[in-house]
Amino acid sequence: VIRQAPRRRRAPGVLDVYLALVYVFILIPAVITVIGAFNRARAFPAPWQGATLEWFRRVLTFHDVLHAAQVSVATSLVCASLALVLTIPLAFRLTRGRFPWRDALAAFFMAPLAIPQIVMGLGMLLLFSQLRVPTTPVGLVLALTVFVMPYTLRALMTSLASFDWALEEAAMSLGADRLRTLWHVTLPVIRPAVVAGFAFAFVMSFGNVPISLFLSTPSFTPLPIMMLTYLDTNLDPVIAAIATLVMAGVVIPTVVVLRIVGLKLVA
Amino acid sequence: VEVTSRTDAAGAWDLLPALVFFALFFVGPLVVVAVLSTRPNELVPGGGLLANYRYFLSQSHYLDALRRSFSVSFLTTVIGLAAAYITALGLRDRRDQLGGFAGFVLLFPVLAGPIVIVLGWMSLLATRGPINALLASVLSRPIRFLGTDLGITVGLVHFVLPFMVLTVLNALLRIDPALEEASASLGANRWRTFWEVVFPLSLPGVISASLLGFSLAVSAFVTPYYLGGSLRMVVSTLISQLMLSTFNWQLASTSAVILLALALGIMALYSRALRRWATW
């Protein structure tokens, strides 16, 4: 339905000013961190003392940071892929299947969103130690995968909810088998949701602290935990430079991807 | 009544991998936490199943964290809801001009991750930081944000706001514009239309937004850890202290169960009370 809602053009009112202030509030911590990364002052936080690229130079030769970044990229890639593999069949079944407990099951798979993340991380550490398995990267990957599965599941289910199943029937009645139908008909339709779910899962596991806190080991420390440890002993702009590089290298590209594939944030 | 067809029952096999994965790595860890939360430890050598919980509730240090978790999250939810509702109203009115872009900007701090954002708050809220510099013309002495409940609340409102705005906005967009047009054509002014048509219909969104806000605030770790510091503990930072400084896994588990109860219990009570009120 095309609805041309009557919209009056008007001068900026109280609500416009309010909205502008809300957006300033939302973005200002990120902006201040970026500014801090270029500040010549030796401390962080500190008043502005002129611009320098020194802190970025240090980050790029700082072995611990580069290693932690590799750990985070690898972990997040594995988690996002694993979450997709597990939730694609699930999303099909939960959208299309008709069976008792369907809604309860959907709610169950969304439940990690309602559980404090620090409790999930703690639980995974305790589980591994009760089983007398050392907390290897596996524990971290498993816990983060559970944490991001609701995001991939929701992206997929939203997309499948509007999928026209008659397309599948048409393909099969024209002689395509189940696999060909899935590959050539269904997957192309839900591809934006697959990409959006993957990107969202990647970035959410990349930035996570509470789950990773108890599950990282000295040789396998994700970037946010490395930053946390660094902050305990050093208060200098290197930390702001790392944060700036994370935003430029991971967060902004993800926002662009999500925008391109048209992730729907509201109905 | 839906009848389960044979193909559906047969196809239910594809639920299995995800179900097994969740049973092992989502339910499993929570069960271990629940079991360990009742076990004797260095500080509580015995005394039965609930001894750890009794100990928790008898220590002023722990109770202080519990009280702060609740009060700060409550305050965050109230402020966040008011701010989010007005924001969502504004975004709904300007949907045509702003498009989907407004939502993505809101989501930026969520995607950036808590540690990147908290660094910004540490600079902004510092005693000699930009916010106090702005306030210096009005106030005789700077406000202490860092290491206070006020600082934690500012950080938490920022943390929950995007989620609350999107939740309320979703509810507002579900309201059929024809209802408002009808109300207006029947002679109601904008204010009356809002209170008697839009607001009641948006209540489900208000409820979900407050539940989400409270649950996110009470579960938050990074914000209270850096903005509250070691003197202003909440339950989530207490858990990390018990794990990483005291090495008492049992009492950490007890605190975790209490945090879980706080996050889920308040939500259950609140949604029940509101639902009763809404259907009345």
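Note that these values count all heavy atoms, side chains included, but never hydrogens, waters or copies made by symmetry. Residue numbering restarts at 1 for every chain, and letters A, B, ... go by the order of the sequence lines.
When A:G139, A:G121, A:S129, A:P112 are compared by the number of non-hydrogen pairs under 4.5 Å with chain B, A:P112 comes out ahead. Looking only at heavy-atom pairs under 4.5 Å with chain B, the residue among A:T254, A:I115, A:V31, A:N208 that has the most is A:I115. Interface summary for chain A: among B:P17, B:A112, B:S215, B:P109, the most heavy-atom pairs under 4.5 angstrom belong to B:A112. Contacts with chain A were tallied for B:V257, B:V27, B:L91; B:L91 has the most, counting heavy-atom pairs under 4.5 Å. In terms of non-hydrogen atom pairs under 4.5 Å with chain A, the most contact-rich of B:F21, B:F22, B:F221 is B:F22. In terms of heavy-atom pairs under 4.5 angstrom with chain B, the leader among A:F108, A:F92, A:F206, A:W48 is A:F108. Ranked by heavy-atom pairs under 4.5 Å with chain B, the list A:V250, A:L231, A:L113, A:I239 is led by A:L231. Chosen from B:S236, B:P29, B:P114, the residue pairing most often with chain A at heavy-atom distances under 4.5 Å is B:P29. Most heavy-atom pairs under 4.5 Å with chain B, from the set A:L213, A:L15, A:V203: that is A:L15. Across B:T87, B:I117, B:V33, the residue that shares the most heavy-atom pairs under 4.5 angstrom with chain A is B:T87. In terms of heavy-atom pairs under 4.5 Å with chain A, the best-connected choice from B:V105, B:L264, B:V222 is B:V105.
One distance of note links CG of A:L127 with CG of B:L30; it measures 10.0 Å at 0.5 Å rounding. Atoms CE and CD1, from B:M243 and A:I118 in turn, are 9.0 Å apart once rounded to the nearest 0.5 Å. Taking CE of A:M120 as the start and CZ of B:F25 as the end, the distance is 12.5 Å to the nearest 0.5 Å.
Contact annotation for A:L126: both backbone and side-chain heavy atoms come within less than 4.5 Å of a heavy atom of chain B. Within the 4.5 angstrom heavy-atom criterion, only side-chain atoms of A:L82, from C-beta onward, approach chain B. Contacts between B:L24 and chain A at a heavy-atom distance below 4.5 Å involve the backbone alone (N, CA, C, O). With a 4.5 Å cut-off on non-hydrogen atoms, B:I86 touches chain A through its backbone and its side chain both. Neither the backbone nor the side chain of B:T167 comes within contact range of chain A; no heavy atom of the residue lies under 4.5 Å from a heavy atom of that chain. At a 4.5 Å heavy-atom cutoff, the contact between A:I28 and chain B is made by backbone and side-chain atoms alike. Interface residue B:A83: backbone and side-chain heavy atoms are both found under 4.5 Å from chain A. B:S255 does not touch chain A: none of its heavy atoms, backbone or side chain, sits under 4.5 Å away. Contact of A:L258 with chain B is made through backbone and side chain together, with heavy-atom distances under 4.5 Å. At a 4.5 Å heavy-atom cutoff, A:N39 makes no contact with chain B through either its backbone or its side chain. Contacts of A:A46 with chain B are absent, with no heavy-atom separation under 4.5 Å from either backbone or side chain. Residue A:F128 does not touch chain B at all, counting heavy-atom pairs closer than 4.5 Å. Of the atoms belonging to A:F200, it is side-chain heavy atoms, and not backbone ones, that fall under 4.5 Å from chain B. With a 4.5 Å cut-off on non-hydrogen atoms, A:T244 does not touch chain B at all. In this structure, chain B has a heavy atom under 4.5 Å from the side chain of A:F44, while its backbone stays farther away. With a 4.5 Å cut-off on non-hydrogen atoms, B:L125 does not touch chain A at all. Neither the backbone nor the side chain of A:I242 comes within less than 4.5 Å of any heavy atom of chain B.
In this structure B:Y226 satisfies the side-chain hydrogen bond (donor to acceptor under 3.5 Å, both in side chains) test with no other residue, sequence neighbours excluded.
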Trace of the side chain to side chain contact (heavy atoms under 4.5 Å, CB included) decision for A:F109 with B:L19
CA-CA 9 Å; A:F109 284 108; B:L19 264 180; 3.9 Å; yes
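Contact of the A:M124 side chain with the B:V32 side chain is not registered, since no non-hydrogen atoms from C-beta on lie closer than 4.5 Å. A:M227 has its side chain within reach of B:L119: a pair of non-hydrogen atoms, C-beta onward, lies under 4.5 Å apart. B:V110 is listed as a side-chain neighbour of A:M204, based on a closest heavy-atom distance under 4.5 Å. The closest side-chain heavy-atom distance from A:V209 to B:Y225 is not below 4.5 Å. Between A:V255 and B:L111 there is a side-chain heavy-atom pair separated by less than 4.5 Å.
Side-chain atoms of A:Y23 come within 3.5 Å of backbone atoms of B:A102 as a donor-acceptor pair (strictly under, hydrogens ignored). The closest donor-acceptor contact from the side chain of A:T33 to the backbone of B:G120 lies under 3.5 Å.
Residues B:F108 and A:A30 share a closest heavy-atom pair of CE2-CB, 3.8 Å.
Of all residues spanning residues 140-148 of chain A, those with a heavy atom less than 4.5 Å away from chain B's heavy atoms are A:L142, A:T145, A:V146, arranged by number.
A perpendicular orientation is assigned to the rings of B:H158 and A:F25, their planes being inclined by more than 60° (bins at 30° and 60°).
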